[in-house]
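Working notes for the structure below.
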Amino acid sequence: MATIPIPSSSSRFIFRPRPKTLNPALFSRHTPPKAPPFSVLIRALSAQAVAAAPAAEISDNQVVKPQWKAAIDFKWIRDNKEAVAANIKNRNSNANLEIVLGLYDKMLNLQKEVERLRGERNNVANKMKGKLEPSERQKLVEEGKNLKEALTTLEEDLINLRDELQLEAQCIPNMTHPDVPIGGEDSSKLRNMVGSPLSFNFPVKDHLQIGKDLDLFDFDSAAEVSGSKFYYLKNEAVMLEMALVNWTLTQVRKKGFTPLTTPEIVRSSVVEKCGFQPRGENTQVYSIEDTDQCLIGTAEIPVGGIHMDSIVSESSLPIKYVAFSHCFRTEAGAAGTATRGLYRVHQFSKVEMFILCKQEESDMYHEELIKIEEDLFSSLGLHYKTLDMATGDLGAPAYRKFDVEAWMPGLERYGEISSASNCTDYQSRRLGIRYRPLESPSTTSKKGKTNQAATKFVHTLNATACAVPRLLLYILNLDKKKEGIGPMEKAIARFHSRTCLT
Amino acid sequence: MALQCRLSGTTIQTLKMARIPIPSSSSRFIFRTRPKTLNSALFSRHTPPKAHPFSVLIRALSAQALAAAPAAEISDNQVVKPQWKAAIDFKWIRDNKEAVAANIKNRNSNANLEIVLGLYDKMLNLQKEVERLRGERNNVANKMKGKLEPSERQKLVEEGKNLKEALTTLEEDLINLRDELQLEAQCIPNMTHPDVPIGGEDSSKLRNMVGSPFSFDFPVKDHLQIGKELDLFDFDSAAEVSGSKFYYLKNEAVMLEMALVNWTLTQVRKKGFTPLTTPEIVRSSVVEKCGFQPRGENTQVYSIEDSDQCLIGTAEIPVGGIHMDSIVSESSLPIKYVAFSHCFRTEAGAAGTATRGLYRVHQFSKVEMFILCKQEESDMYHEELIKIEEDLFSSLGLHYKTLDMATGDLGAPAYRKFDVEAWMPGLERYGEISSASNCTDYQSRRLGIRYRPSESPSTTSKKGKTNQAATKFVHTLNATACAVPRMLIKRKRDWSWKKLLLDSTVEHV
């Protein structure tokens with residue numbers, strides 16, 4: 001794979017692919033050294049959207065088997081193929097709709113054929129029940145045998161076809177909200193701006209220098225112990241990180257979110273079902289040796305997995321979680337000035353919000369999440385802008401995505417500090433999370449037979465409430481004279497006074 | 001020279017390590033080896049699938065102290081090369097060999113002192129021989145400077161060539177010998193404090209007891225049941241998402257964990273410790289230098305695929321690495337850190353009732369204290385650490401006892417180890433909640449952490465020449481200040497939790 005130039009925006013921090021140009025050279029069947037069947041790509045984690053084919057063992061004449069299946073609505077795709085095709089194009093996705101539709105038709109036909117043959121075989125079996133001449137019987141036995149063989153072959157083919165269809169279809173990105181601007185990064189639309197860019201009339205020190213001077217963090221020792229892009233936080237920075245996490249969890253909890261801490265090691269299949277690709281080249285995901293486990297890059301993954309393969313009652317929705325975890329990212333391929341010090345690290349603390357809700361309510365909860373984020377950042381005294389990200393900048397799972405970028409005085413530009421995505425049913429169709437709508441009076445039916453409403457897939461949303469250490473960076477550069485009455489402002493004021501930042 | 005690596009007299013075999021029965025005590029929670037019986041079948045050269053040279057065992061992480069041989073690529077006639085070298089004082093070992101031998105025996109260690117001493121002598125002799133040959137080669141070179149008959153010159157050239165060849169071979173042998181010596185010697189455990197009781201787990205001595213065992217006059221529920229009823233943690237979903245022994249903390253348990261960590265960091269900071277958070281991914285060589293074995297079978301250590309990195313099982317490792325390969329000034333000592341991190345342990349081989357729910361998990365939060373100090377002060381700081389721990393646990397209202405662990409229960413790095421066991425009402429027995437070890441210079445000789453003593457007036461010397469005192473190795477100590485989630489288990493019913501929460505929230509946000 002050619003090295004992909006990384007755009008200077010720090011969107012990748014929030015662990016989404018940034019599809020740019022379609023490059024067929026980037027199609028790769030990546031065969032890892034290990035034997036277990038890997039499941040299909042969901043979303044490439046390099047700067048371009050590569051619909052990487054499933055990494056798996058491929059024997060001669062054998063179709064790769066997906067490790068798990070997404071409950072994809074093929075009929076809907078076929079009935080809306082123009083919209084789906086346009087969406088694929090707008091998102092610069094490598095999904096191949098023609099192949100999917102072709103396979104789907106083929107599969108439907110094969111299914112009919114299989115049913116037909118089964119019917120014939122039943123006929124033969126029935127005929128053989130009656131009295132027959134030996135020669136007749138022999139003919140039927142032959143016919144039965146031929147039918148059985150043909151059936152076995154076709155049934156195998158059907159299985160392979162379904163697998164192939166699944167693999168191709170899993171590449172298809174989520175549909176897009178009609179208000180989302182179409183285009184690349186520059187087409188993203190401004191939703192909101194709070195405050196204005198700060199400048200100082202003295203040269204702003206590089207944060208790494210400040211960190212050394214005030215003994216707040218240590219990258220040098222960490223480079224020896226662990227490698228580059230690792231760090232120790234020290235002294236007041238430690239207390240500030242704890243205060244930030246504590247405060248964020250408390251604020252969000254007040255809004256009805258259930259606090260959680262999560263496992264940071266998860267099965268790779270869960271990573272894939274959420275829309276990430278653990279085993280591609282340039283993957284963002286660390287894998288654990290000799291296991292099918294990975295380190296999480298965001299708490300979205302273990303939280304998404306909580307209700308995997310289950311049906312929740314409608315009355316339990318919405319389910320709202322606010323989860324604190326450490327996050328681990330390889331940052332493979334990241335380079336340049338947007339990667340020094342705290343801007344791009346392999347390990348960091350993050351508080352993440354996650355909502356499961358009814359289909360018709362996800363837009364509303366998306367607005368709720370972005371409002372919560374904006375309230376948090378305003379309380380912290382940040383100057384920031386909120387963007388409605390354009391189609392070229394959405395990851396495969398996101399129906400719509402709002403990014404918050406804060407002004408970074410040291411770099412004299414904006415940098416992403418959070419992201420709020422509405423994934424509608426993309427993740428839930430893969431994770432298998434459904435709800436049973438409450439019965440309405442009109443569905444009570446025929447005498448004696450309970451008519452349960454068919455289950456639907458929940459919609460899932462996720463949003464960053466707090467990603468240390470970029471927030472540390474902003475706080476380092478905040479207006480130091482600001483004194484407020486809120487607990488976070490007090491904590492920040494204390495931080496500044498103890499670190500003697502004047 | 002074809003080297004045959006001898007381990008206790010047995011030649012190399014590729015053996016699978018037998019399953020080691022795990023004692024029911026929860027000491028393993030604190031990530032130390034528990035040497036029990038010496039079993040030669042357990043010697044194994046573990047050759048991992050990867051190509052890069054692995055370094056030598058330091059300490060097995062199964063219930064028995066296995067001086068596992070280095071995992072490395074072994075080519076024909078090639079000695080395994082240690083990936084890094086410990087600054088071992090061979091001369092001291094030789095001069096104190098009875099004491100070293102007794103110590104090895106008391107600790108049920110598989111280190112082979114005879115081999116080490118044999119190799120050391122061999123090495124000294126070989127060194128002498130090399131020096132002798134070098135001397136002769138210099139002579140020859142000098143002779144060739146003068147005027148000589150052609151036949152004489154030719155003879156000298158021949159001689160010089162022979163000497164050079166012999167020297168090259170011997171120098172190679174010397175390198176191999178040094179490597180072999182290093183590998184064998186790294187297995188030798190730390191010496192032991194004279195007051196440490198000799199024997200197995202049962203010989204550990206009681207130092208202190210605070211409070212007394214209590215029970216409730218109603219049946220005590222299993223903590224997993226309580227957790228479900230109060231919606232405090234979820235093991236079931238985590239088993240699907242991650243595997244067994246993983247969990248989510250929920251609701252009050254989350255706030256409680258944060259309060260505990262916050263409070264502990266604050267308390268210890270007041271005593272002059274520098275707060276830290278650490279990387280949780282480290283190079284495997286650092287893990288080894290601290291005395292752990294990342295790549296043995298039944299290892300406690302998770303490794304990252306396609307890298308030389310591992311997940312930490314304790315913050316002791318990344319903190320120990322901060323001053324790796326450096327010389328600190330004496331005036332900077334003692335250096336005291338209190339570090340918060342998540343810890344990851346495979347718990348390979350752990351089974352039984354002492355492993356349900358929160359008692360044995362793959363991932364947990366921990367606050368760890370670490371001290372680097374002068375050699376003569378480590379005993380004093382060991383006492384300081386255990387005192388801090390006892391104060392913390394008393395403040396938390398725990399009933400506990402402090403033990404001076406016996407020789408059979410010390411890991412290879414520890415000179416002395418105090419364990420604190422708290423009373424667990426649900427299980428009606430004591431369970432380990434913390435451990436404080438004085439590792440003296442075991443880790444620092446491997447991590448390469450030294451200090452330069454301040455000059456005393458008597459060392460100012462000859463005119464114009466600065467006489468710096470020779471460097472010494474620091475002593476390192478580590479102690480658990482707070483290991484969630486076992487702390488959560490014990491305190492479910494105590495109202496003091498509310499006060500703790502309140503104190504922490506008010507103080508720190």
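Protein chains get the first letters and strands the later ones, always in sequence-line order, with residue 1 at the start of each. All heavy atoms count here, side chains included; hydrogens, waters and symmetry mates do not.
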> Would a 4.5 Å heavy-atom cut-off, applied to side chains only, mark A:V225 and B:I317 as touching?
Replying inline: no
>> Quick one, A:K234 and B:P275 - any side-chain contact, counting heavy atoms below 4.5 Å?
In response: no
Rounded to the nearest 0.5 Å, how far apart are [atom1] of [X] and [atom2] of [Y]?
X: B:T266; Y: A:M242; atom1: OG1; atom2: CE; value: 5.5 Å
X: A:S221; Y: B:H323; atom1: OG; atom2: NE2; value: 7.0 Å
X: A:S325; Y: B:Y248; atom1: OG; atom2: OH; value: 10.5 Å
X: B:T346; Y: A:I288; atom1: OG1; atom2: CD1; value: 10.5 Å
X: A:M239; Y: B:T277; atom1: CE; atom2: OG1; value: 11.5 Å
X: B:L249; Y: A:T262; atom1: CG; atom2: OG1; value: 10.0 Å

>> Could you go through B:L276 and A:N235, starting from their C-alpha distance and side-chain angles, then the distance that decides it, and tell me whether this counts as side chain to side chain contact (heavy atoms under 4.5 Å, CB included)?
In response: CA-CA 7 Å; B:L276 292 181; A:N235 296 307; over 6 Å; no
>> Please check if the number of heavy atoms outside A:K69 that lie under 6.0 Å from its NZ is greater than 12.
In response: yes
> Does any heavy atom of chain B fall under 4.5 Å from the side chain of A:E224, the backbone, both, or neither of them?
Replying inline: both
>> Between A:A299 and chain B, with a heavy-atom cut-off of 4.5 Å, which part of the residue counts as in contact: side chain, backbone, both or neither?
In response: neither
> How are the rings of A:H326 and B:H342 set to each other: parallel, tilted or perpendicular (split at 30° and 60°)?
Replying inline: parallel
>> Determine whether B:Q309 and A:F230 satisfy the following criterion, side chain to side chain contact (heavy atoms under 4.5 Å, CB included), listing intermediate values before the conclusion.
In response: CA-CA 12 Å; B:Q309 292 167 317; A:F230 284 100; 3.9 Å; yes
> What residues form a ring-ring contact (aromatic ring centres under 6.0 Å, His included) with B:F235, not counting sequence neighbours?
Replying inline: B:F233, B:Y247
>> If we define contacts as heavy-atom pairs under 4.5 Å, which of A:Q293, A:E264, A:M308 has the most with chain B?
In response: A:E264
> Any donor and acceptor pair, going by atom type alone, linking the side chain of A:S226 with main-chain N or O of B:I281 inside 3.5 Å?
Replying inline: yes
> How would you list, by chain and number, every residue that makes a salt bridge (Lys or Arg N to Asp or Glu O under 4.0 Å) with A:D309, sequence neighbours excluded?
Replying inline: none
